[in-house]
Amino acid sequence: MFRHENCLKVAKSLSFVPNSGGIAIAHSLYNENTLIYLWDKEVRVKKVGSRKVLIPFLSHVGCVSLALMLLFSAPGWAQEEEMQADAPGRILARQATQDKTSWITADHSRFEALQKEFNSGPEVTRACLTCHNDAASQFHETIHWTWLDPYSEKGITGKGGLSVNNFCISIHSNEPRCTSCHAGYGWKDKNFDFTQQDKVDCLICHEQTGTYKKFPTKAGRVVSEPTLFKGNGKTYTPPDWNKVAQSVARPTRKNCGTCHFSGGGGDGVKHGDMDSSLFKPDKKLDVHMGTDGQDFDCIRCHTTTRHQIAGRIYSTPAVTHRKSLIEDDLIPKIRCESCHSATPHKEAKINDHTDKVGCQSCHIPTFARVEPTKMWWDWSKAGEKKNGKPYTIDGPFGKHTYNTKKGEFKWDKNVVPEYFWFNGSINTLTAIDKIDPSGVVRVSWPEGSRDDPDSRITPFKVHRGKQPYDTVNKTILIPHLFGKKESGAFWGNFDWKLALESGMAYAELPFSGEFDFVETTYVFPTTHMVAPKEDALRCEACHSSDGRMAGLAGFYMPGRDSNDPVEMAGWAIVLLSLGGVILHGLGRSFFRKNGGSGRK
């Protein structure tokens, strides 16, 4: 009689076959407490209770049958074993985050400086600075204050500089609307004094009452009396200055999300992996931020030093090294490796991917899983009217698909990312860079390549659209959008040429007077909405001819690509192995029938 172990050896010998599950069937049936009788011409299955038993193979041909079944089985037995115990990366992450207690050494409601009556934000800031006397000077050095890449050689990279995008395009001449998300007071034009310390808005990041709200068109200021904003139909009210000042604490998800979840003019417009659903997500949406899971605030990963918040800054990667907290406990916790290490999985074969594949590629199967995200923005169609008046068209997901002010939109949910080699740096087009309008223009694009040791295959949202460009100078144009009619603003006149002349003059850039619209792309790395491990992508999602990696060229991927000599050699080994099993079984049967001694 053949022993269980022998058949498992046969099965393991087949596990090299692409898309083969190795010993998946045997392993699965063994652990399902099922007794299997394999006869020459039939298979009978019998339950034997709750205990594990060995699988007796009562026929030599039965063993061959099992081998054939295993040859075409999927997915691997090792994956099932991995599910039965925590992987090293999960254990390491628990150790790194086991203490969730946030302790404080001060109760701000008892501070005398915060007891007096306040009438404005700058007054509160001056009170804060009586104790935190370096806070404003520190904050002045950050991108949250300047909106500039501090590492840019020319000092023009960033939305505070000449970088452009394909959603709101540029803040120049549009500051009062755009800077409603600036952590300061009064950036209404290019004459804003960035050196004035009491212009820093401490409350937008630190107040905890939830009642402090900036008015959408007041350059970062709040109202002094109840004021209706017609754009969203909401009435904004003055805050209770003492109450909000005394509530200050570490920034929470609410503080960060107020701006970052609504970037680009609305919920989910910019980032497909950041929207209002992350205020109170479940762990099905994000295992780190889920309120029924780890319940992380943003600053758990986006750690801060002297008000510098860890994260990618345009062409500057979030970090320039890949270390875990065990290797260096003072590093920013912004990379997956920081808590999970470079070998997070129990199965070594999966760990083999981490030097070329970003964790997000497998663990964020789709983005915009609850709220929709904007995927297309066509400015060329803005300005159309009905009966002489601006209008909107409602579309799927309760979102506008057309708005006279902004043009045509397309929204989507459960979006499959696009994948690129990415080393942490993103190049961004500026309004002085020359473009080639004969094709799609990349307004931003990731840096990286297969040959770059710092690059990983990473998922992205790619936002597409059309925007104005100078047909003579071959540059992206900056329109003056927000403002009164007499200012030349597009939303006041719906006159593109007038708006472009006004915007480019404000930015002190040349404009030929000739313009058209060009299709563009803009990329956003996808790093949030990390799904539970059971929802992570399976191997065949990428390792197949029509899989997610179909757009990445320049390297061989098993299952996706074919190589005739390799394929022929592989199948030859498979057939020889099967032939050996069959001959071995027939030989033993022959010798036993002729008086040979078989194994008992």
Side-chain angles (χ1 to χ4, degrees), residues 1-32 34-45 54-82 347-353 537-550 553 555-594 596-600:
M1 182 182 295
F2 270 61
R3 296 175 62 87
H4 172 245
E5 293 86 348
N6 291 339
C7 287
L8 290 187
K9 289 178 182 177
V10 174
K12 288 183 179 179
S13 74
L14 299 175
S15 63
F16 68 88
V17 180
N19 296 325
S20 169
I23 60 171
I25 293 178
H27 188 269
S28 175
L29 293 175
Y30 177 79
N31 282 322
E32 287 295 328
T34 304
L35 185 61
I36 302 174
Y37 295 91
L38 289 171
W39 302 93
D40 288 353
K41 296 183 179 180
E42 65 177 355
V43 178
R44 289 191 287 127
V45 181
L54 292 179
I55 306 175
F57 294 89
L58 303 181
S59 166
H60 309 312
V61 179
C63 186
V64 177
S65 300
L66 176 63
L68 290 171
M69 292 167 63
L70 296 173
L71 173 62
F72 298 104
S73 63
W77 62 278
Q79 292 180 354
E80 185 175 333
E81 284 187 340
E82 183 183 353
E347 174 52 44
K349 190 59 185 174
I350 304 179
N351 285 332
D352 287 344
H353 289 68
L537 293 180
R538 313 311 286 176
C539 302
E540 59 270 19
C542 298
H543 291 275
S544 59
S545 58
D546 58 349
R548 296 185 177 218
M549 300 296 143
F555 63 98
Y556 176 82
M557 177 181 286
R560 182 194 71 173
D561 304 319
S562 62
N563 185 302
D564 291 341
V566 173
E567 296 287 338
M568 291 177 65
W571 281 111
I573 295 172
V574 171
L575 294 173
L576 288 172
S577 299
L578 287 175
V581 171
I582 294 171
L583 289 174
H584 178 72
L586 293 174
R588 289 182 63 89
S589 177
F590 175 79
F591 284 112
R592 184 161 61 178
K593 290 179 180 179
N594 287 274
S597 58
R599 181 176 295 178
K600 303 296 184 182

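Residue numbers run from 1 in the order of the sequence given. Just so you know, these numbers come straight off a predicted model, no measurement behind them. Both backbone and side-chain heavy atoms feed into the values below; hydrogens, waters and symmetry mates do not.
Side-chain contact between H584 and R588 is present, with heavy atoms from C-beta onward closer than 4.5 Å.
Qualifying side chain to side chain contact (heavy atoms under 4.5 Å, CB included) partners for D561, counting only residues two or more places apart in sequence or in other chains: Y556, M557. With sequence neighbours excluded, the residues forming a side-chain hydrogen bond (donor to acceptor under 3.5 Å, both in side chains) with R548 are Y419, listed by chain and number.
With hydrogens and angles ignored, the 3.5 Å screen pairs no side-chain donor or acceptor of R560 with any backbone N or O of C542. Side chain of S577 to main chain of I573: a donor-acceptor pair is present (N/O by atom type, distance under 3.5 Å, no hydrogens or angles).
Nearest heavy-atom pair across S545 and A550 is O-CB, 4.3 Å.
Once rounded to the nearest 0.5 Å, the distance linking CH2 of W571 with CG of L578 reads 9.0 Å.
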